[in-house]
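One structure is given here, and the rest of the page talks about it.
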Amino acid sequence: MTQYPRKKNPARIRPSRFDRLLRPIHSWVWDDPRRRARKLLRFAETEADGGRDLCRAAELTSDALLRRLYLRHASDEQRHADLFRKRGRALIRSLPRGAETSFEANWFAPGERGLDDVRVDGENDASLLAFLHLSEKAAAGRFTLYQEVLGEDPETQAVFRTILRDEVFHMTYTHQQLTRVAPRKWSADLWKGRMGRLWKAYLRVAAAVAGLLGTLMLLLQYALFLPPFAWLAKRKARREPEGWFPPRRGTPIRSQY
Ligand SMILES: [Fe+2]
Ligand SMILES: [Fe+2]
């Protein structure tokens, strides 16, 4: 079987400045064990989904080395999904039955985002590698931060530590392969990938803001328009006679209206 390069001491990964700035929020997000468990299960779905997309990428590429690397990458992501799922379930089992925490703060702590919306069909090798490299780099930074804030839960911390080693490998091999398949324009491909990620981030924020504004508008409508209508309906009801009463003059007898 082909052996792939894997660094024994992976490069020190630093979370992005934005994530470092939000560190107190990340600590708060991961502090609640119930939310932690739900997030791990959600991460498991993302990783498994990414693994399936990478299998598809392996089918589509005509480059034999890339095919082997994508398959290796896919099996890593599947293993990550199993690790997250196992730990998430163990956490849930260890908790007393109680109220569910529905807020997962996926905005702040999205896991291996990028793998969830990778589109392998219609991409060429270079653009897919650029996309994967940026996603893996962002994931490695985030997992480093999650690992740091999980000091209270050494078992979950160990899961992130194990997965992080693979993410660093994914980040490195995708960059190496990008420079191999696109030696002259790999930098442009990376910039294009960055712009695509920025656009998706903008769409995510815009959708969230639109959802918030929609909720506010509905609340305002309920608060401003409903009370006068309720008051008018009650006033009208008070004027209606109670019980059975003969039809008012002018009421057509062939119809109830
Ligand atoms: Fe992963
Ligand atoms: Fe990965």
Side-chain angles (χ1 to χ4, degrees), residues 4-16 19 26 30 36-61 65-89 104 106 108-120 123 125-150 155-178 189-190 193-194 196-197 200:
Y4 301 101
R6 186 179 287 260
K7 288 183 182 176
K8 273 187 182 166
N9 297 308
R12 172 123 173 82
I13 302 294
R14 266 167 75 79
S16 71
D19 278 333
H26 284 288
W30 288 97
R36 201 183 308 151
R38 287 171 62 99
K39 287 193 75 62
L40 292 176
L41 294 177
R42 186 171 292 276
F43 283 10
E45 284 172 33
T46 308
E47 301 274 339
D49 200 29
R52 285 190 288 274
D53 287 331
L54 284 159
C55 285
R56 177 75 182 135
E59 275 177 0
L60 292 175
T61 186
L65 177 58
L66 277 186
R67 188 174 305 121
R68 286 202 298 274
L69 283 163
Y70 285 156
L71 286 174
R72 168 60 184 271
H73 191 159
S75 86
D76 282 350
E77 301 300 356
Q78 188 53 51
R79 197 173 62 257
H80 298 171
D82 294 340
L83 284 167
F84 279 138
R85 196 175 300 114
K86 210 167 140 195
R87 181 62 195 141
R89 284 179 181 162
E104 291 180 31
N106 291 321
F108 303 114
E112 197 165 359
R113 176 174 282 160
L115 275 189
D116 52 351
D117 51 18
V118 60
R119 299 273 176 273
V120 290
E123 296 273 355
D125 284 337
S127 64
L128 181 60
L129 283 166
F131 181 89
L132 287 173
H133 170 69
L134 295 169
S135 302
E136 297 293 337
K137 191 175 175 187
R142 273 187 220 117
F143 285 1
T144 304
L145 187 68
Y146 300 163
Q147 188 191 241
E148 285 171 13
V149 299
L150 278 165
E155 284 174 73
T156 309
Q157 198 178 40
V159 168
F160 276 109
R161 196 179 307 122
T162 306
I163 290 176
L164 184 59
R165 279 197 283 270
D166 289 337
E167 304 303 2
V168 175
F169 167 65
H170 299 161
M171 182 185 101
T172 314
Y173 99 79
T174 44
H175 192 270
Q176 284 171 353
Q177 293 305 312
L178 175 63
D189 280 317
L190 274 182
R194 281 188 193 107
R197 283 174 66 82
K200 279 178 187 160

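For ligands, and for the atoms within them, numbers begin at 1 and follow the listed sequence.
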Practice task
Name whichever N, O or S atom of E77 ends up nearest to the Fe ion (ligand 1).
Solution key: OE1

Problem - For the Fe ion (ligand 1), the closest N/O/S atom belonging to H80 - result: ND1

Exercise for the section: With sequence neighbours left out, write down each residue that passes salt bridge (Lys or Arg N to Asp or Glu O under 4.0 Å) with E45, or none if nothing qualifies. Expected result: none

Handout entry: Which residues share a salt bridge (Lys or Arg N to Asp or Glu O under 4.0 Å) with R52, sequence neighbours left out
Key = D49

Problem - Heteroatom of E136 nearest to the Fe ion (ligand 2) (N, O or S, atom name) - result: OE1

Exercise for the section: Please name the atom of H170, restricted to N, O or S, that is closest to the Fe ion (ligand 2). Expected result: ND1

Exercise for the section: Please report the C-alpha distance between E136 and H175 in whole Å, then the side-chain angles of each, then the deciding distance to 0.1 Å, and finally whether the side-chain hydrogen bond (donor to acceptor under 3.5 Å, both in side chains) criterion is met. Expected result: CA-CA 10 Å; E136 297 293 337; H175 192 270; over 6 Å; no

Fill in the blank from the handout: When K39, R87, Q147 are each screened for side-chain hydrogen bond (donor to acceptor under 3.5 Å, both in side chains) with T156, the one that passes is R87

Practice task
Rounded to the nearest 10 degrees, what's the angle OE2 of E167 makes with OE1 of E47 at the Fe ion (ligand 1)? Could you check?
Solution key: 140°

Problem - From CA spacing to verdict: side-chain hydrogen bond (donor to acceptor under 3.5 Å, both in side chains), H26, E148 - result: CA-CA 10 Å; H26 284 288; E148 285 171 13; over 6 Å; no

